[in-house]
Engineer: 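The following block contains the structure, expressed as C-alpha cells.
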Amino acid sequence: MSTRQTPDSKPSDFIRDIIEQDLKTNKTTGLPGNGRVVTRFPPEPNGYLHIGHAKSICLNFGIAEENEKGTCHLRFDDTNPVKEEQEYIDAIKKDIAWLGFDWGKHEYYASDYFEKLYEYAEELIKNGRAYVCHLDMEEIRNYRGTLTKPGKDSPYRHRSIEENLNLFERMRLGEFKDGHCVLRAKIDMSSGNLNMRDPVLYRILHATHHRTGNKWCIYPMYDFTHCLSDSIEGITHSICTLEFEDHRPLYDWILDELKVDCHPQQIEFARLNLSYTVMSKRKLLELVEGGYVTGWDDPRMPTIAGLRRRGYTKEAIRDFCKHIGVAKSNSVVDIALLEHCLREDLNLRAQRVMAVLRPLRVIIDNYPENQVEELEAENNPEDKGMGCRKIPFSKVLYIEQEDFREDPPKGFFRLTPGGEVRLKHAYYIKCERVVKDEQTGKVVELHCTYDANTRGGWSQDGRKIKGTLHWISAAQAIKAEVRLYNHLFVKPNPEEDDDFKANLNPNSLVKLTSCLVEPGLANALPGNHYQFLRHGYFCVDPDSTKELLVFNRTVSLHDTWAKIEKSDK
RNA sequence: UGGGGAGUUGUCUAAUGGUAGGACGGCAGACUCUGGAUCUGUUGGUCAAGGUUCGAAUCCUUGCUCCCCAGCCA
C-alpha cells in the first residue's frame, strides 16, 4: 500500500495529520460542530463526476467516517446559472451514493444562501471593504496589471458607502443590464497575488437559475460564496485542490472582514491525473458534445458513470483511491494501478464463464452424432462457495480462432495440426484435419478426435497437457455482442499536444458481433459481472435486450502469451 | 522581471535528524485444468552543489527544474 497505514489500517496522510492535530488541540471545540470534524464535497453541477472527484469524495467522506460523529456535507456550488443543470445534480447524487457514501440530511446548495450572502456583501460595503465598479470587463482587466506589474485603482474605488449600498441594491433590483457594473472587494491593487487585486464579488446575470428561477439577477462569485458557505455550515476543514492555494488569502480575508462565528481552514491537495485519459470537465464535455464518445456514461470515459457502465465496482474505485494517497505534488497515476485494483476485486467475485469471441468451428469426428453431455464446471476457483454449473458438450463446438495455429511459433502450446489440448472441464482433443476456404486459404473448420477417457479434463495415464482452451457447444450457444474497450487515448499524456483530441485512440472501442456465450447466460442482467475464461472481466451492458446480449469488456486478464509474442517480434 | 506551490526508482507514495520502505509496472522463477490467479525472488530512487551534525531525504545557503495564477468560471 502506498498510503501510510496505521496498524488498524486507517489511511493516513498530511491532511488527516493536520485534522488529528487540530482535534487534539481542541481547535474545533468552539465551532458550530462543537469539536467534531465537518468536511464538505462541493461539486458545481455543470458536468458529471469523474475518478478525480472520487479521490476527493473518498477523502472528505472518508475523514468524516473515520472521526467520531464527523460529518461530510454535500454542497452544490451553484452560483453560475448559465452552466448548471438539474440533470447534473441528479447524476452527481447518484454517483456519490453508488460509491457508498451517505451525506444524510446534509444536502446543501450555495443558492440557498443567496439572501445571507447578499447581507454579507452589504456588511462588507458598510465596512468600506467593497464597492460597486462601473469599469467594463476589458477595463477591469487592464486596470488589474500583469503578473509582474501592479494594477491601478479603479476610478470608482472611492465611492461613498451610501452610494455603494444604493447601487448594489439597484443591481439586485434589476435596474442594470448584464455586465453594467460589478461589486468588488477593496483590497490591494498592487498585491503580488492577483486574486487580491480587488476581486469581483458579484456580477449581474439576467439568467434563470435551475433552483432559484428568476429571483436573482446578480450572482455571487466563487471566492465570495465558498468561504461563506463553508462558514455558514460550520465546516472545520475545507479541502480543495492545489489551484486554489492562491485563493486562500482571499478566503481568509473575507472571513476576517466579516463577523462570522466559524472560520474554516482551507487545505489544498494535488488533484488526480490518470495516464491515457483526460480529467478536466471542460475536455470531457468536449468529448461528449463533439460526439467522440456516446455520452457522459460511455464506458471509455473516466467518469464515475462511465466506469460503472464499464463494469468497475465501487470497491475497486475506493481501493484505488486508498492506494494513490494524498499529497501536494502534481502527479500522474498510471492507469495500470486502477486496472490492478479492479482485477483484484473482480477476481474474487466474478463468476467464470466461457465465451468465444471469434469462433472457429470444431467437429469431433469420433463423438456420437446426437449426444449431449452435461459437464460440471466450477464457478470460481477463488471461491468454492460459488459452486458449480452444468455446461453442454456435443459433437460440434467452437473454439477461439487465435487458439489454433497451423504453423505455430515457438512456445505456442495451444491447438496445432496433430497436437492435443484440453478443453476446459471437458475432454482432451487432437486436431486431425484442417479445412480451409478454397478461395482465401483461411482456416474455417477443424476436424478433431476426442479421448473418451479424459472426461472432465483428466487423464488416467498422467499425460501432460499444457494447453487448456475454452469452448462453446454450437447447438446450445447464445449469440452475443461484445464490446472491447481500450485506452481512450494513445498517449500517456494526451494533453501534451495542442489538440488533445488528435490523440484519441481509434481502437478505443472494438465491437464484436458474432460472439458465442454459454447458455447459462441467457438470463444475465445489466451490471452483472463475469469473467470470460482466458479473456477478462465483462459485464452486461444496459443496451442488452432479450434478443441480443451485449457485454462490455471491463478489463482484460493479464496475457503472458501476448507479451511473449510481442517481445519476439 | 510578481505571487503561490512542488521536487524520493518507470509511476504513485512513506520515512517528521538515526537501517531510504511499500504499492503498481518491469524482469526471473515456482505452481496451475484459465499462458488467469497465487507465491517467491529481483530490478531501481532522495533535483544539484556547498554547509551544520557523530549522523541529513529531513536543518541552513545558493542554484536548477516543474506546476498554478492576469474569468464578470469553479
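A quick note: this is a predicted structure, and the numbers were derived from the prediction, not measured. Numbers restart at 1 for each chain; the letters A, B, ... are given by sequence-line order, proteins then strands.
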Engineer: Take A/H226 and A/Y222, measure what ring-ring contact (aromatic ring centres under 6.0 Å, His included) needs, and give me the verdict at the end.
Structural biologist: CA-CA 6 Å; A/H226 205 86; A/Y222 164 83; 4.9 Å; yes
Engineer: Looking for any heavy atom pair under 4.0 Å, which part of the strands does A/R248 touch: base, sugar-phosphate only, or nothing?
Structural biologist: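 A/R248: no heavy atom of the nucleic acid under 4.0 Å.
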Engineer: Can you find an N or O donor on one side and an acceptor on the other, under 3.5 Å apart, linking the side chain of A/R343 with the base of B/rG36?
Structural biologist: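 Result: no qualifying N/O pair found.
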Engineer: Give one of base, sugar-phosphate or nothing for A/H247, where a contact means two heavy atoms less than 4.0 Å apart.
Structural biologist: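 Touches a base.
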Engineer: When only distance counts, do a donor and an acceptor, one from the side chain of A/Q531 and one from the base of B/rU34, lie under 3.5 Å apart?
Structural biologist: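 Counting by modelled atom types and ignoring angles, a donor-acceptor contact under 3.5 Å is found here.
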Engineer: Could you tell me which nucleotide pairs with B/rG2 by Watson-Crick or G-U wobble geometry, both distances under 3.5 Å, or answer none if nothing does?
Structural biologist: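 Checking every strand shown, B/rG2 finds its partner in B/rC69, with both distances under 3.5 Å.
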Engineer: Go along nucleotides 39-48 of chain B 5' to 3' and tag each nucleotide: B for a protein heavy atom under 4.0 Å from its base, S when only backbone or sugar atoms are that close, - otherwise.
Structural biologist: ----------
Engineer: For RNA chain B, determine which residues of residues 177-190 of chain A have any heavy atom closer than 4.0 angstrom to one of its atoms, and list them numerically.
Structural biologist: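 Going residue by residue through residues 177-190 of chain A, the ones with a heavy atom under 4.0 Å of RNA chain B turn out to be A/G179, A/V182.
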Engineer: Any base atoms under 4.0 Å from A/Y219, or only sugar-phosphate, or nothing? Heavy atoms, all strands.
Structural biologist: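 The residue A/Y219 makes no contact with any strand.
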Engineer: Less than 6.0 Å separating the ring centroids of A/F393 and A/Y427?
Structural biologist: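 Here the rings of A/Y427 and A/F393 have centres that are less than 6.0 Å from each other.
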Engineer: Where along residues 204-211 of chain A does a heavy atom fall under 4.0 Å from RNA chain B?
Structural biologist: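 Nothing qualifies; none.
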Engineer: Apply the syn/anti split at 90° from 0 to B/rG44 and say which one it is.
Structural biologist: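 Because its glycosidic torsion lies more than 90° from 0, B/rG44 adopts the anti conformation.
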Engineer: Using a heavy-atom cut-off of under 4.0 Å over every strand shown, decide if A/K424 touches base, sugar-phosphate, or nothing.
Structural biologist: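 The residue A/K424 makes base contact.
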Engineer: Tell which nucleotide pairs with B/rC64, taking only Watson-Crick or G-U wobble pairs whose two distances are both under 3.5 angstrom.
Structural biologist: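 When the pairing criteria are applied, B/rG7 turns out to be the nucleotide that pairs with B/rC64.
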Engineer: Check every strand shown and say whether A/I140 touches a base, only sugar-phosphate, or nothing at a heavy-atom separation below 4.0 Å.
Structural biologist: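 Since a base atom lies under 4.0 Å of A/I140, the category is base.
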Engineer: Name the residue from A/W216, A/F114, A/Y109 that meets the ring pair (Phe, Tyr, Trp, His ring centres under 6.0 Å) definition with A/H209.
Structural biologist: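 Option passing the ring pair (Phe, Tyr, Trp, His ring centres under 6.0 Å) with A/H209: A/F114.
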Engineer: Base, sugar-phosphate, or nothing: which does A/P381 touch, judged by heavy atoms less than 4.0 Å apart?
Structural biologist: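 Base: the residue A/P381, judged by heavy atoms under 4.0 Å, touches a nucleobase.
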Engineer: Let's test this: given Watson-Crick or G-U wobble pairing with both distances under 3.5 Å, identify the partner of B/rG29.
Structural biologist: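 Partner of B/rG29: B/rC39.
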Engineer: Heavy atoms under 4.0 Å, any strand shown: does A/H425 hit a base, just sugar-phosphate, or nothing?
Structural biologist: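 Since a base atom lies under 4.0 Å of A/H425, the category is base.
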Engineer: Using atom CD of A/E268 as one end and atom C1' of B/rA6 as the other, report the distance to the nearest whole Å.
Structural biologist: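 These atoms are roughly 13 Å apart.
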